[in-house]
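Take a look at the structure below.
Naming convention: chains lettered A, B, ... in sequence-line order (proteins, then strands); numbering from 1 in each chain.
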Protein chains: 2
Amino acid sequence: MGDAAMVPDRARRVTVYDVAARAGVSIATVSFAFRRPDEVRAATREAVLTAARELGYAPSGSARGLVSRRTGSLGLHSFDMLIERPQDEEAPEGAAVDADLDLSADTLPWAALGDDVHSDPLAYPLYVDEIQRGFELEARRRGHNVLLSSGGRSTADVADTAGRVDGLAVFPSIVARESLAHITQTIPVVLFSSPIASADGYHRVLVDNVQGMQDLVAHLVQDHQITDLAFVGGPAAADYAERFAGMQSAMRRFGLTPASEPLDSSLLGDTRPLARVRELAIAGALPRALICASDQLALFTFEILRSVGSRVPEDVVVTGFDGVLASRLSVPRLTTVRQPMEAMGRVAAQLLANAAGAPPQMPRTLRLGTQLRIGQSCGCP
Amino acid sequence: MGDAAMVPDRARRVTVYDVAARAGVSIATVSFAFRRPDEVRAATREAVLTAARELGYAPSGSARGLVSRRTGSLGLHSFDMLIERPQDEEAPEGAAVDADLDLSADTLPWAALGDDVHSDPLAYPLYVDEIQRGFELEARRRGHNVLLSSGGRSTADVADTAGRVDGLAVFPSIVARESLAHITQTIPVVLFSSPIASADGYHRVLVDNVQGMQDLVAHLVQDHQITDLAFVGGPAAADYAERFAGMQSAMRRFGLTPASEPLDSSLLGDTRPLARVRELAIAGALPRALICASDQLALFTFEILRSVGSRVPEDVVVTGFDGVLASRLSVPRLTTVRQPMEAMGRVAAQLLANAAGAPPQMPRTLRLGTQLRIGQSCGCP
DNA sequence: TTGTATGCGTTATCAA
DNA sequence: TTGATAACGCATACAA
């Protein structure tokens with residue numbers, strides 16, 4: 001049909017060639033004008049910059065990354081399961097989160113937006129959010145962008161992400177370790193809160209769960225004279241096992257004999273979590289204190305107990321671990337062990353930024369301190 | 001010196017060539033094995049995949065992006081000012097946020113981590129966090145990664161980001177519009193909460209500030225019989241001006257005569273914000289109701305009033321705008337207009353995902369509905 | 001089904 | 001100071 005050659009084809013992105021043509025110089029000069037401005041005559045530079053501006057030129061990150069062999073980004077990968085929000089299961093009333101919003105009209109009434117999601121402040125923010133925040137902060141400080149990715153557990157998904165970043169931090173996942181196993185040869189990888197393995201190639205950032213539990217147990221035993229403690233949470237999860245072990249050793253230190261198994265091995269993802277706790281609560285057979293593996297588990301325990309008429313802390317003492325925002329807003333306020341989550345993110349980013357580009361280094365495991373945070377759920381006034 | 005050719009050079013990333021060599025096939029076959037697995041004989045595919053796994057191969061995102069002409073990422077750009085957290089000004093006690101963490105030892109005690117930052121739950125999360133959350137969610141749904149970037153206001157910083165993504169969403173900034181002006185020719189750009197301009201190339205996602213103010217003023221006038229309303233907040237900021245205008249028109253609708261200027265034109269970044277409010281409070285000359293341009297401004301107003309002994313809502317009614325989490329935790333709870341922030345993020349991502357790759361389209365301005373959220377700060381029980 | 005060859009847009013090396 | 005040109009690692013059209 002008509003000759004389209006006269007119409008600037010804006011489906012193609014503007015390149016150095018376009019800028020060079022417009023400014024009447026070579027592509028090398030265009031590149032120089034941006035990367036080494038003072039090695040180019042002022043007038044030439046201006047001409048190039050002007051042409052670039054007029055054309056809306058943005059240098060291709062892909063091309064730059066290809067030649068420089070670095071992307072300038074640090075990745076933060078979550079496996080899908082972590083992304084789904086707890087509320088998603090309960091059928092949302094308004095617009096479903098997994099449906100497209102209808103953008104055909106220019107005005108979207110409130111009712112079409114499904115904003116109920118955050119109606120419960122206790123559900124927000126979670127563990128990952130705070131770590132992510134620290135990671136962003138530190139990456140930015142060091143001149144890196146942050147690439148947020150997620151995906152299934154397949155090696156391909158992870159490798160895809162790995163190919164886009166100079167370093168990768170990964171939230172814990174039971175399956176993470178295998179699918180990542182080999183990419184540590186390629187880029188530095190940090191695992192958060194992942195139990196230490198013999199000698200794989202991962203860097204690790206985790207908290208001192210054992211010391212944290214020690215502090216918590218010491219408070220309960222010494223300040224509240226509680227000797228009857230039981231653990232809630234399945235040791236299958238990331239570092240819950242460490243916390244359980246920490247509790248056991250702390251109890252022994254006080255001359256107590258810990259159970260060899262958790263009282264209830266639930267994980268929050270289970271179909272009917274904390275069933276055992278509920279049973280025992282109904283039977284009036286709970287121990288004096290429930291040491292929960294995480295804040296979320298502890299807050300859910302609150303609900304279970306409330307539903308069967310048990311009071312915290314009068315009938316049962318409940319503690320958590322993490323120190324998420326929600327734990328400070330609950331009634332009673334949760335006694336818990338605060339993880340320095342922002343610092344975890346920052347440490348990870350710093351580790352990656354340092355290691356990026358260099359040949360694989362001796363993987364490091366950094367362990368961060370925690371702090372006991374006393375609320376009322378332990379019986380303190 | 002020695003012949004380094006024999007030593008696998010692990011500073012170089014593994015490429016298709018390496019995999020091809022190891023698997024005894026051509027590079028095309030390697031590519032096929034990943035991208036069109038069923039057009040490759042099973043045995044060959046296995047050989048390739050195995051070689052890839054053993055080598056820790058991760059396909060270069062840069063190279064893929066170069067050939068496919070798309071990065072697979074959507075960008076979320078913040079100008080620096082927005083990233084700095086309010087607390088940063090007040091000299092942090094622990095480790096400074098802008099210093100490196102000391103990673104020389106493998107154990108980092110709590111005291112070295114400066115975790116005090118989040119000690120005030122009211123400071124978290126902010127406006128941007130919630131939008132970001134929605135953006136992530138939607139981008140992921142559509143198979144895009146999210147690139148978080150930040151930078152100064154220079155065209156170069158923004159162009160750099162623009163070159164790395166298929167579409168870009170930008171938080172409001174007074175300077176944003178000019179530095180971005182030309183890149184809309186290259187990739188789709190969405191501006192959040194940015195006042196409508198004649199006909200630039202930006203898509204816009206904003207809320208119906210006018211209607212929101214209408215609802216708020218109606219509540220104060222009709223349900224509380226308040227006629228004496230004044231606006232707090234500088235119209236220099238993004239959509240604060242719209243909110244002020246919305247308040248004015250709402251007042252007129254009720255037969256009231258609004259002031260032509262805000263009572264106090266502070267912005268939170270000012271050196272001594274809300275000085276005028278404080279003066280008037282001390283003089284006992286405040287109007288019955290202060291309509292603040294944002295929740296953060298309103299919560300800060302709480303503090304000012306408390307410091308001079310004025311009570312909310314008995315002496316002065318205070319309202320906000322945004323509906324951030326903090327507004328629900330304050331005492332008294334803030335009466336405010338909730339913005340559907342997660343939806344804003346989702347809409348932006350959806351807009352970008354749809355527009356990515358296509359030639360520039362007619363820019364759209366989408367306006368989302370708000371919801372009045374009544375607390376006690378207006379005098380409701 | 002697999003291999004060869006080309007181009008994606010940049011940076012950098014070397015000449016001019 | 002500027003221009004021509006060769007990688008960078010991948011996907012794909014085309015051959016075999």
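- Looking at A/Gln185 and B/Glu54, their side chains never bring a donor and an acceptor atom within 3.5 Å of each other.
- Ionic pairing of A/Asp106 and B/Arg204 is not present here: no N-O contact between side-chain nitrogen and carboxylate oxygen is shorter than 4.0 angstrom.
- Screening residues 37-47 of chain B for salt bridge (charged side-chain N to carboxylate O under 4.0 Å, His left out) gives B/Arg36-B/Glu39 as the qualifying pairs, with residues at least two apart or on separate chains.
- Nucleotides of DNA chain C with any atom under 4.0 Å from a heavy atom of chain B span, from 5' to 3', C/dT1 to C/dG9.
- The pair A/Arg13-A/Asp18 does not count as a salt bridge, with every side-chain nitrogen at least 4.0 angstrom from each carboxylate oxygen.
- Taking the side-chain contact (heavy atoms from CB on, under 4.5 Å) definition, one finds that B/Pro188 meets it with B/His203, B/Leu352, B/Ala355, sequence neighbours left out.
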Passes side chain to side chain contact (heavy atoms under 4.5 Å, CB included), A/Val205 versus A/Leu351? Steps please. CA-CA 9 Å; A/Val205 172; A/Leu351 223 42; 4.1 Å; yes
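- Contact check on A/Arg164 versus A/Asp160 returns a salt bridge, with a Lys/Arg side-chain nitrogen under 4.0 Å from an Asp/Glu carboxylate oxygen.
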May I have the step-by-step check of side chain to side chain contact (heavy atoms under 4.5 Å, CB included) for A/Thr184 and A/Asp200, ending in yes or no? CA-CA 9 Å; A/Thr184 57; A/Asp200 50 22; over 6 Å; no
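- Taking the charged nitrogens against the carboxylate oxygens, A/Arg346 and A/Glu342 have no contact shorter than 4.0 Å, which rules out a salt bridge.
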Classify every nucleotide of nucleotides 6-16 of chain D by which part a protein heavy atom approaches to under 4.0 Å, writing B for the base, S for the sugar-phosphate alone and - for neither, in 5'-to-3' order. --BBBBB----
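- Taking a 4.0 Å limit (strictly below) on heavy-atom distances, residues 40-48 of chain B reaches DNA chain C at B/Val40, B/Arg41, B/Thr44.
- Each end of the helix from C/dT1-D/dA16 to C/dA16-D/dT1 yields a helix axis from five base pairs, and these two axes differ in direction by 40° (to the nearest 10 degrees).
- Looking at A/Glu138 and A/Arg141, a side-chain N of the basic residue comes within less than 4.0 Å of a carboxylate O on the acidic one, giving a salt bridge.
- Ring centroid separation for the pair A/Tyr57 and A/Phe34 comes in under the 6.0 Å cut-off.
- Using a 4.0 Å cut-off between charged side-chain N and carboxylate O, B/Arg69 and B/Asp166 make no salt bridge.
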